[in-house]
Student: 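The structure's right below; bear with me while I get my questions together.
Letters A, B, ... are given to chains in the order of the sequence lines, protein chains preceding strands, and every chain is numbered from 1. Every heavy atom of this structure was used, including side-chain atoms; hydrogens, water molecules and symmetry mates were not. Not measured: the values here are computed from a predicted model.
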There are 2 protein chains.
Amino acid sequence: MLAAAVAEAREGLATGGIPIGAALFGPDGTPWGTGHNRRVQDDDPATHGETAAFRNAGRRPSYAGTTMVTTLSPCWYCAGLIRQFAIPHVVIGEARTFPGAHHWLAEAGVTITLLDDPTCVEMMETFIRDHPTLWNEDIGV
Amino acid sequence: MLAAAVAEAREGLATGGIPIGAALFGPDGTPWGTGHNRRVQDDDPATHGETAAFRNAGRRPSYAGTTMVTTLSPCWYCAGLIRQFAIPHVVIGEARTFPGAHHWLAEAGVTITLLDDPTCVEMMETFIRDHPTLWNEDIGV
């Protein structure tokens, strides 16, 4: 499942953007939608990886049994999305380069799978080193 | 300030959508961006009133001194946005028809002004009564 999110992150990087990708999978494991951060590409501060995947999954009456996969631990904004729509499982590539709000989600009953994937860590470490101002803009710091 | 959010909510209703609007104001009180829920209009579950106003405000290096005005208490998703980007003040039309997460924001240090505005209450009461399924879809219930 992480491969779909990593592919989105790489697509984001290749188009000049912030390399964070996500994918929302339905209860049967089929992908409902994937997406990546589009701050740079669309001048859109509201589209993070997770919100892009959620949007691209279209309108759904229920998120029961779904899994959100993301290359990076979700920020408060994306964690709020996951909580509001009761997405029950979140798979996270890494939380080393950004702590995110996955502990808060876990406390709210969301199942968290933290992979600590070296590819995801390397991608974000390189990006943050090369583009610190852009990264801080994306997380409101 | 509420008038700008109410105007957006009415525009949303007039175009067949969910009547929730918001406006983000800069530190000097000038409007940075306004917007409304676009679930119906764009088949976009990721655009709530607050996220629309935030998007339409464009890319910003800082949200210090800003005020988010919304016709309805922010859901977890929109509250997460406000927290992540450290928007320090939220003005809320009403929280009767949906409790929202404004207490959580207050605990995190956000100044909350709850107006309990009858126009906002009436607009949502009528909408929820007439479109309960659509409303539940928008809040993931």
Student: Who passes side-chain hydrogen bond (donor to acceptor under 3.5 Å, both in side chains) against Arg60(B), sequence neighbours left out?
Tutor: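 None.
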Student: For residues 94-129 of chain A, give me every residue with a non-hydrogen atom less than 4.5 Å from any non-hydrogen atom of chain B.
Tutor: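 The stretch touches chain B at Phe98(A), Trp104(A).
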Student: So, for Leu81(B) and Tyr77(A), which heavy atoms are closest and what is the spacing to 0.1 Å?
Tutor: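 Scanning both residues completely, I find the closest heavy atoms to be CB-CD1, 3.5 Å.
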Student: Tell me, side chain or backbone of Thr51(B) under 4.5 Å from chain A's heavy atoms, or both, or neither?
Tutor: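 Both backbone and side chain.
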Student: Is there a path of hydrophobic side-chain contacts, each under 4.5 Å between heavy atoms of I/L/V/M/F/W/Y residues, joining Met68(A) to Trp32(A)?
Tutor: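 Yes, Trp32(A) connects to Met68(A) through the hydrophobic network.
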Student: Taking all atoms of both residues into account, what is the closest heavy-atom pair of Gln84(B) and Cys75(A), and its distance?
Tutor: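 Smallest heavy-atom distance, with atoms named: OE1-CB, 3.2 Å.
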Student: What residue among Asp43(A), Asp44(A), Asp138(A) forms salt bridge (Lys or Arg N to Asp or Glu O under 4.0 Å) with Arg59(B)?
Tutor: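 Among Asp43(A), Asp44(A), Asp138(A), the one that satisfies the salt bridge (Lys or Arg N to Asp or Glu O under 4.0 Å) with Arg59(B) is Asp43(A).
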Student: Are Leu134(B) and Ile139(B) connected into the same hydrophobic cluster when the rule is that any two of I, L, V, M, F, W, Y join if their side-chain heavy atoms are below 4.5 Å apart?
Tutor: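 Ile139(B) clusters together with Leu134(B).
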Student: When clusters are formed by joining ILVMFWY residues with side-chain heavy atoms under 4.5 Å apart, either directly or through shared neighbours, do Ile82(A) and Phe85(B) land in the same one?
Tutor: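 Yes; tracing contacts between hydrophobic side chains, which count when under 4.5 Å, links both residues.
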Student: Indicate if Ile87(B) and Trp76(A) have the same hydrophobic cluster label, given that clusters are the connected sets of ILVMFWY residues with side-chain heavy-atom separations under 4.5 angstrom.
Tutor: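 Same hydrophobic cluster.
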Student: Distance from Thr47(B) atom OG1 to Arg55(A) atom CZ, nearest 0.5 Å?
Tutor: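 Here the interatomic distance stands at 4.5 Å.
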Student: Are Phe54(A) and Ile18(B) co-members of a hydrophobic cluster defined by side-chain heavy atoms under 4.5 Å apart?
Tutor: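 No, Ile18(B) and Phe54(A) fall in different hydrophobic clusters.
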Student: Between Gly80(B), Ala79(B), Gly140(B), which residue shows the highest count of heavy-atom pairs closer than 4.5 Å to chain A?
Tutor: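 When all of Gly80(B), Ala79(B), Gly140(B) are compared, Gly80(B) has the most.
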Student: Give me the atom names and distance for the closest heavy-atom approach of Pro45(A) to Gly58(B).
Tutor: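 Looks like CG-O, 3.4 Å.
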